[in-house]
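Before any comments, here is the structure.
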Number of protein chains: 2
Amino acid sequence: MDGLTEMLKGTLEGCVLEIIGSEETYGYAITRRLNELGFADVVEGTVYTILLRLEKNGLVQVTKRPSGQGPPRKFYALNDAGRAELATFWAKWEYITSRLDKLKEGG
Amino acid sequence: MDGLTEMLKGTLEGCVLEIIGSEETYGYAITRRLNELGFADVVEGTVYTILLRLEKNGLVQVTKRPSGQGPPRKFYALNDAGRAELATFWAKWEYITSRLDKLKEGG
DNA sequence: TTCGGTACTCAGTGCCACACAGTACCACTA
DNA sequence: TAGTGGTACTGTGTGGCACTGAGTACCGAA
């Protein structure tokens, strides 16, 4: 699926939050996970900018660990602010989807 | 609901396409319709920039008609390209929502 | 020793919603 | 007849976000 970029604005960050929330993980693995999920065109660069933003905004706790197969990995876990942000994200998502459903059905 | 801006990127244009597709209408009325639907914070300026973009991209047919209660209205109707774009929008929307559902349920 | 996979960084681009100020037409009213 | 408020469109500028692309670096296997 092409041309999703604009529609992913704000959403992709939520996806990353959700992935981190379900398991402490790192950028490269998050990218693979997103690709697996069907966000096939998402590349490392995109995910890393999101991760740096999350870190800057104080939503995650970061731990650096050696990798064994490459440079050290930066593992990300949600802190309280991150969990709150994730909840807000899903609330917004539900809000928007409900409006869109209504619109689609001629409401 | 606050802070929806980023998540509306790309989506709001689709909403406008859908509204125009269901009935030939004009900017001011589209804004009211969006407000009614729950997009409470969407203002005229936002809708007009979308309409100008749709026009520029050749997705709509525009007809100017006197109003009786203010300046003349610019009525918008979808042309073939617009209908195709609308179909594409809903396809993308469905694609993204299905991925998000999958993610949410731990898929 | 070169290649490919793993792993992160950073500067820059383009698009979109949105803010904000302006123009203009009309009806009502004091 | 000046003022107010609702209707209706235009245009410039801003900020945020996904994305690009080039760079750095580590490792194992061919």
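Remember, it's a predicted structure, so these values are computed and weren't measured experimentally. All values below were derived from every heavy atom in this structure, side-chain atoms included, with hydrogens, water molecules and symmetry-related copies excluded. Here is the naming used below: chain letters follow the sequence lines, and residue numbers restart at 1 for every chain.
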TODO: Identify the residue among Tyr76(A), Tyr48(A), Phe75(A) that makes a ring pair (Phe, Tyr, Trp, His ring centres under 6.0 Å) with Tyr26(A).
DONE: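 Looking at Tyr76(A), Tyr48(A), Phe75(A), the match for Tyr26(A) under the ring pair (Phe, Tyr, Trp, His ring centres under 6.0 Å) is Phe75(A).
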Does [N] have OP1 or OP2 sitting under 4.0 Å from an N or O in the side chain of [X]?
X: Ser67(B); N: dA8(D); answer: yes
X: Tyr26(B); N: dA8(D); answer: yes
X: Thr5(A); N: dC19(D); answer: yes
X: Arg53(A); N: dC17(D); answer: yes
X: Tyr28(B); N: dT7(D); answer: yes

Open item on the list: By nearest heavy atom, map Thr11(A) and Pro72(A) onto DNA chain D; which one lands nearer the 5' end?
Closed with: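 Counting from the 5' end, the first nearest nucleotide belongs to Thr11(A).
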TODO: Map Leu4(A) and Gly27(B) onto DNA chain D by nearest heavy atom, then report which one ends up closer to the 5' terminus.
DONE: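 Between the two, 5'-proximity favours Gly27(B).
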Report the distance from atom [atom1] of [X] to atom [atom2] of [N], rounded to the nearest whole Å.
X: Leu51(B); N: dA17(C); atom1: CG; atom2: C1'; result: 13 Å
X: Tyr76(B); N: dA8(D); atom1: OH; atom2: P; result: 13 Å
X: Leu8(B); N: dG16(D); atom1: CG; atom2: P; result: 16 Å
X: Leu52(B); N: dA8(D); atom1: CG; atom2: C1'; result: 13 Å
X: Phe89(B); N: dC16(C); atom1: CZ; atom2: P; result: 13 Å
X: Lys56(B); N: dT10(D); atom1: NZ; atom2: P; result: 15 Å
X: Arg73(B); N: dT7(D); atom1: CZ; atom2: P; result: 10 Å
X: Met7(B); N: dC15(C); atom1: CE; atom2: P; result: 23 Å

Compare the minimum distances between each of [options] and the side chain of [X], then state the nucleotide with the smallest one.
X: Leu12(B); options: dA17(C), dC9(D), dC19(D); answer: dA17(C)
X: Lys9(B); options: dA18(D), dG16(D), dC15(C); answer: dG16(D)
X: Gln69(B); options: dA7(C), dA8(D), dT10(D); answer: dA8(D)
X: Thr49(A); options: dA17(C), dA8(D), dC19(D); answer: dC19(D)
X: Lys74(A); options: dA18(D), dT7(D), dC8(C); answer: dC8(C)
X: Tyr48(A); options: dA24(C), dC18(C), dC8(C); answer: dC8(C)

TODO: Considering only NZ, NE, NH1 and NH2 on the basic side and carboxylate oxygens on the acidic side, decide whether Arg53(B) and Glu13(B) come within less than 4.0 Å.
DONE: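 The answer is yes: the pair qualifies as a salt bridge.
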Task: Carboxylate-amine/guanidinium contact Glu44(A) Arg32(A), below 4.0 Å - done: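 Looking at Arg32(A) together with Glu44(A), the answer is yes, because their closest N to O distance falls below 4.0 Å.
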Open item on the list: Reading DNA chain C from 5' onward, which residue's closest nucleotide shows up sooner: Thr46(A) or Gly70(A)?
Closed with: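 Result of the comparison: Gly70(A).
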TODO: Show the numbers, then the answer: is there a side-chain contact (heavy atoms from CB on, under 4.5 Å) between Tyr95(B) and Met7(A)?
DONE: CA-CA 11 Å; Tyr95(B) 186 85; Met7(A) 285 176 65; over 6 Å; no
Open item on the list: Give me the atom names and distance for the closest heavy-atom approach of Asn79(B) to Val60(B).
Closed with: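 Heavy atoms of Asn79(B) and Val60(B) come nearest at ND2-N, 3.6 Å.
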TODO: Can you establish whether the number of heavy atoms outside Lys104(B) located under 6.0 Å from its atom NZ is more than 12?
DONE: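 Yes - once you tally the heavy atoms of other residues, nucleotides and ligands closer than 6.0 Å, there are more than 12.
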Open item on the list: For a quick check of understanding: with a heavy-atom distance under 4.0 Å over all strands, which category does Glu13(A) fall into, base, sugar-phosphate or nothing?
Closed with: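 Since only primed, P, OP1 and OP2 atoms lie under 4.0 Å of Glu13(A), the category is sugar-phosphate.
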